[in-house]
Amino acid sequence: MGWGILCSMESITKNLTDAQADAVTHIDGPLLIIAGPGSGKTRVVTHRIAHMLHQGVRPYQIAALTFTNKAADEMRMRVNLLAPGQPVWMGTFHRFCAQQLRRYASMVGLNENYSIYDMSDSKSAMKRAIAAAGIATSHTSPEQISSAISKAKNRLITPEIMQQQSGRAGDTVAARVYPVYQQQLLLANAVDFDDLLYHFARLLRENPEVRAELDAKLKYIMVDEYQDTNLAQYAIVRAMSVDHPNLAVTGDPDQSIYGWRGADLNNILDFEKDYPNVKTVRLEQNYRSTPNILAVADQLIRHNRRRKAKELFTENPDGENVILRQYEDGYQEADEIADEIAAQMIAGNAEPRDFAIFCRMNALTRSLEHALRNRGLPYQIVNGQEFYQRKEVKDLLSYLHLINNPAHDVALQRVINTPTRGIGATTIGRLQSFADANRIPMLEAARRANEIDSLSKRAVTMVSRFVTIYDRLRKKATASLEDLLRYLVEETHYVAYLEKTGIEKEDHNPVANVDELISAAVEFDRMHPDDGSLDAFLEQVALVADTDAFEDSNNRVTLMTLHAAKGLEFPRVFVIAVEDDLLPHRRSKEDDQQLEEERRLLFVGITRAKQWCQLSYAKRRSVRGDIRPVIPSMFLNELPRADMTVQEARADNDFFDAVDQEYPESWDIIQEEPDGTAADSGPGVQLDADPFGPDEVFEPGPEPSNPSTVDRLPSASVIPDVYFDDAETPVKKSKAKSKIKAGLQTASEMLDSGRTPLNLYREGSTVRHPEYGEGTITSLVGRGPKKTAKIQFGEETGEQTFRLAFAKLELVD
DNA sequence: GTAAACGGTATTTTT
DNA sequence: TACCGTTTAC
């Protein structure tokens, strides 16, 4: 054996449980590993690879397919510890297909330098296809058509078949667009994400010799997260495991959360039928979580019908109860979670990286972000706006794409007038028509601009000028990426353009992003001294997901969606907004299978937690602008109260204390726990006396005002009505309340009744105060009831600070 | 042709 | 609220 360092057989299998060792030592023949959360699955997979190598399997005969780059990186790192330097192929499905397609490009009608359209690219392409197909978007949206076509591709349905099938279904429109869209992609020498799988699956199906070749070459295929495979992926894996059916899949039906993307749970549920001689191993012991957390998760998931029943257990010591927490609203949720994190850190047994906050939708991270930032807590958002999606980055990448693939029409349209060079929509439209008529790429049309009669002389000049710039850039295509990018930025005067047009916002600095992209290029050059091509760089960029951006080396609180959380673990976990219409999501409630998927989503969230976990919901939450009452998620009723602590919302006397706690300048320094009291509203904030007029809605609740006191309510078998009813809440039983229920008046209107709505105050607004007279708002911070303004009055009074919800202010216009 | 201003509308999750 | 497409004013 070529590597002396590799551990002995015993050390590979020692420290493994029987079940784990069973899986690790199974080499030939199909293998199904049902792996519960935290059951050491990655350990098994990596040890199995090491074991196979040890037994003489050649590294290039093994391919391990994952869904995320992060999972692949993790696997690579850990295999490398066990068997250093072995060239086992590990990577995502999409990357695998992309690489194979490079080799066999011509067999599916592509060129080897084909481009991968990202979502926004395919969106533009889709719009163009819809227009070309002559379809009015009055009754459908491009998104719906996209999604129908995407689903078709995931199920390996060709345009022809879709047209035949769509007799009665509402997919007829999509079926008409589909062939047009595919043709345009092919003409642009491009594929979308689905095509990577679709083309490759069809390639295998239609070319037996290619199939046999790959089957023989990759004798041992492993698939991670098998429960998330769709039909295309299933077909690919199957096709490569006919002559050498040494297919090992790992997964957990209870963690299947990608049904909406075409994942078919039957792939894993029926695996044993597909491969009769399969060896099945169940990993049910959990090494990650406390028994309490596991019990809650297990009880929840037992409500699903479509699953393979598992008996999850752990030998970990007992931990704290899972907390079920109610908040008044999303802002309080955000603030108090941030406070809780601060408190736990101050208590000294946690640091930022220990915490993760999960939510159903990206939009929900905003208030959390705000609250964390206010307290100076370091955090990272794992989704937000992906770096590669930002305008300035996309602009430059589009240039690179066009340089690499002159047929990339989407890139051309993005770039031809960026920076602006006098080529407007009309001109672009005419180029497009000419291109369509002659079945040529738009760049080709641009080269032949003088043949296009409809173009004005001026337009022809402008277009030619662009082509000249393009050709100049193209000459640099083989330079290092860094050189190419720098040259590009310089030649197009891109930075000047950004500075001229860019509106620099607080957390958005376009020029810095340009620099960051250049850094990424430098890094790529460094990592690929030999094989570094523009092609490879663009492929790499296209296939990294936002979830891969997660850095556990950063000592930061992590904010992400539940989907992004899969495969990760954190000591302390918050799942926020466990509310009806959100989790389960409104659009998933009608269908049982989708509802079960939502339940799995929460299951995934809870099982990420190692020692501490809180689920929360609010009584009301603002949804795109206005505030609406909330019904807690039905899933909360399914949780066992024995392992939980239920906490009702703290009454909103919180408006007057906890808000303005002082936090350390830097979290390196840990301070004593702040002892906020009702009277202590913190420095710099002035509250008007008695904010409650006769018509006020709020009254102080019965809770103690010391925020460090935690209320532990007795457990209950179901969520008591009190959580969303008025019985013990600070909302008075008044006409105002019934209006909430009837939806006639929003809570924010109630809060602001008889006052100027908070969102009308702007920096620079002139306001009148009964005592101080007129002043100008110099700054605004905070949200909702906590929105605070600094107001500059006359010389005598100077600057004063007010909580807008309570101050007796009037807007002067 | 460009840019700002307006108004309508959608709103999940992501390789 | 935020984005997008459209209109409007230069």
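Residue numbers start from 1 in every chain, and the chains themselves are labelled A, B, ... in the order their sequence lines are given, proteins ahead of strands. Note that the structure is predicted; figures quoted are calculated from it, not measured.
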Sequence neighbours excluded and cut-off under 3.5 Å, please list the side-chain donor-acceptor pairs for residues 576-583 of chain A, or say none.
from     : atom 1 : to       : atom 2 : distance (Å)
A:Glu579 : OE1    : A:Arg621 : NE     : 2.8
A:Glu579 : OE2    : A:Ala618 : N      : 2.7
A:Glu579 : OE2    : A:Arg621 : NE     : 3.1
A:Glu579 : OE2    : A:Arg621 : NH2    : 2.6
A:Asp580 : OD1    : A:Lys589 : NZ     : 3.4
A:Asp580 : OD2    : A:Lys589 : NZ     : 3.1
A:Asp581 : OD1    : A:Lys589 : NZ     : 2.6

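For A:Met119, taking side-chain heavy atoms from C-beta onward, the closest of the listed nucleotides B:dG1, C:dC4, B:dT14 is B:dT14. Here C:dC4 is the nucleotide among C:dC4, C:dA2, B:dT15 with the atom lying nearest to any side-chain atom of A:Lys127.
The shortest distance between the side-chain N/O atoms of A:Arg366 and the OP1/OP2 oxygens of C:dA2 is below 4.0 Å. Remark: A:Asn362 is in phosphate contact with B:dT14, judged by side-chain N or O atoms under 4.0 Å from OP1 or OP2. Taking 4.0 angstrom as the limit, A:Ser588 places none of its side-chain polar atoms (N or O) nearer than this to OP1 or OP2 of B:dT13. Using a 4.0 Å cut-off, no side-chain N or O of A:Thr68 falls inside it from OP1 or OP2 of B:dT14.
Test A:Thr250, A:Asp252, A:Asp224 against A:Lys41 for side chain to side chain donor-acceptor pair (under 3.5 Å) and you get one pass: A:Asp224.
A:Asp195 and A:Lys153 are joined by a salt bridge, as a carboxylate oxygen and a charged side-chain nitrogen come within less than 4.0 angstrom of each other.
Nucleotides C:dC4 and B:dT13 place their C1' atoms 22 Å apart, quoted to the nearest Å.
Put simply, A:Trp260 rests on the base of B:dT13: the two rings are less than 5.5 Å apart at their centres and nearly parallel, under 30°.
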Polar atom pairs between nucleotides 2-7 of chain B and protein, under 3.5 Å, N or O only, would you list them?
from  : atom 1 : to       : atom 2 : distance (Å)
B:dT2 : OP1    : A:Gly422 : N      : 2.9
B:dT2 : OP2    : A:Asn417 : ND2    : 3.4

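Residues A:Arg600 and A:Gln255 have side chains that never bring a donor and an acceptor to within less than 3.5 angstrom of each other. With hydrogens and angles left out, the side-chain atoms of A:Tyr494 and A:Asp395 include a donor and acceptor closer than 3.5 Å.
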**OP:** List the steps, then state whether salt bridge (charged side-chain N to carboxylate O under 4.0 Å, His left out) holds for A:Arg307 with A:Glu596.
**Re:** CA-CA 10 Å; A:Arg307 61 190 298 252; A:Glu596 293 205 345; over 6 Å; no
